[in-house]
Amino acid sequence: QGSINLVRICADMGIQGNACFIPNQRGGTNSTMQYQPVATYHGEPLSQDSFVTGKDTAGLLITPSCAALLTLLREKDHLKIPSEMAALQELVRELGVDVLEVATRIHSTHEGDIITVTLEEYRLIGGCRAMFHESPRCCAIVPCPVCSLYATIFAEGTGKVIQMEHCSPDPKQPTVTAVFTVLHG
């Protein structure tokens, strides 16, 4: 419900761009931040204010919904985020299947600037379907903690801004596909 509520607030404020995850090493902050742009964002540097207003871009800068989960994983499980894409993909699989146990199988692909993650037999499919039912754009604008976690991992590992393109639950199978884009801005 938290994601749906934030999507409604963003809509009321005229914020329509997809969520972008700005790694701490790029954003000059202690943690990765989630940027909700008013429109298209290409990865330009941002101010550290919650309400970003600038010549080239405007939007809302917030803590990702995965922040508490990521802190727990770092403290309890000593999570370290690698920098190689193959290792990042394996980390996403391991976290989802072995640590969090949210899916029985997770696989991902990386082609050019597109990263696709598919979660099979996803145990939280009901939440995905509820968000998708509210609006197919909900997940792209304010992703749930699981997709937010994956976007944050890819952002921190690559050192690049990661944009949530879309996330779609299969209407019949408990499978979810999340698609992310690497921004080079």
Exercise. Which residues pass the side-chain hydrogen bond (donor to acceptor under 3.5 Å, both in side chains) test with T181, sequence neighbours left out?
Worked result: E165

Problem set entry | T32 to P64 - nearest heavy-atom pair and separation | O-CD, 3.3 Å

Problem set entry | Pairs satisfying ring pair (Phe, Tyr, Trp, His ring centres under 6.0 Å), at least one member in residues 102-143, at least two apart | none

Exercise. What is the distance from atom CD of E94 to atom CG of L100, rounded to the nearest 0.5 Å?
Worked result: 10.5 Å

For this session: Please answer whether the main-chain N or O of P143 pairs with a side-chain N or O of S65 as donor and acceptor at a distance below 3.5 Å.
Result: yes

For this session: Apply side chain to side chain contact (heavy atoms under 4.5 Å, CB included) to C139 and list each qualifying residue two or more places apart in sequence or on a separate chain.
Result: M131, C167

Exercise. How would you list all residue pairs meeting salt bridge (Lys or Arg N to Asp or Glu O under 4.0 Å) that involve residues 58-76, not counting sequence neighbours?
Worked result: R74-E156

Seminar exercise, completed: Here the salt bridge (Lys or Arg N to Asp or Glu O under 4.0 Å) pairs for residues 118-133, sequence neighbours left out, are R105-E120, R105-E121

Problem set entry | Side chain to side chain, T63 and M33, heavy atoms closer than 4.5 Å | yes

Exercise. Side chains of I22 and I162: closer than 4.5 Å at any heavy-atom pair?
Worked result: no

Exercise. What residues join V179 in its hydrophobic cluster, counting side-chain heavy atom gaps under 4.5 Å, either direct or through other members?
Worked result: I114

Problem set entry | CA sep, side-chain torsions, deciding dist, call: Y35, N18, side-chain contact (heavy atoms from CB on, under 4.5 Å) | CA-CA 8 Å; Y35 179 54; N18 291 5; over 6 Å; no

For this session: Could you tell me the separation between the CG atom of L72 and the CG atom of L79, rounded to the nearest 0.5 Å?
Result: 10.5 Å

Exercise. Considering residues at least two apart in sequence or located in another chain, which fulfil the salt bridge (Lys or Arg N to Asp or Glu O under 4.0 Å) criterion with D98?
Worked result: R93

Exercise. How about V99 and D77: do any of their side-chain heavy atoms sit closer than 4.5 Å?
Worked result: yes

Exercise. What is the distance from atom OG1 of T152 to atom CD of Q34, rounded to the nearest 0.5 Å?
Worked result: 7.5 Å

Problem set entry | salt bridge (Lys or Arg N to Asp or Glu O under 4.0 Å): pairs with one or both residues in residues 168-181, sequence neighbours excluded | none

Exercise. For the hydrophobic clusters of this structure (ILVMFWY residues joined by side-chain heavy atoms under 4.5 Å, transitively), does one cluster hold both L124 and Y150?
Worked result: yes

Exercise. What pairs of residues pass the salt bridge (Lys or Arg N to Asp or Glu O under 4.0 Å) test when at least one of them lies in residues 132-142, not counting sequence neighbours?
Worked result: R8-E134

Exercise. Quick check: does any side chain N or O of Q36 sit under 3.5 Å from a backbone N or O of I15, one acting as donor and the other as acceptor?
Worked result: no

For this session: Check whether any side-chain heavy atom of I153 sits under 4.5 Å from a side-chain heavy atom of L95, and report yes or no.
Result: yes

For this session: Only counting residues at least two apart or in another chain, list the ones meeting side-chain hydrogen bond (donor to acceptor under 3.5 Å, both in side chains) with S108.
Result: Q89

For this session: From the options L149, V97, V117, select the one residue that forms a side chain to side chain contact (heavy atoms under 4.5 Å, CB included) with V92.
Result: V117

Exercise. Is there a side-chain contact between T175 and P169 (heavy atoms, below 4.5 Å)?
Worked result: no

For this session: Output all residues satisfying ring-ring contact (aromatic ring centres under 6.0 Å, His included) with F154, sequence neighbours left out; order by chain, then residue number.
Result: F180

Exercise. What heavy-atom pair brings C128 and V176 nearest, and what distance separates the two atoms?
Worked result: SG-CG2, 3.7 Å

Problem set entry | side-chain hydrogen bond (donor to acceptor under 3.5 Å, both in side chains) involving D113 - partner list, sequence neighbours excluded | H184

Problem set entry | Side-chain touch C147/M164, heavy atoms, less than 4.5 angstrom | yes

Exercise. Any side-chain heavy-atom pair from I115 and M85 closer than 4.5 angstrom?
Worked result: yes

Exercise. For S83 and L88, which heavy atoms make the closest approach, and how far apart are they?
Worked result: O-CD1, 4.4 Å

Exercise. Is V161 close to V182 at the side-chain level, that is, under 4.5 Å between some pair of heavy atoms?
Worked result: no

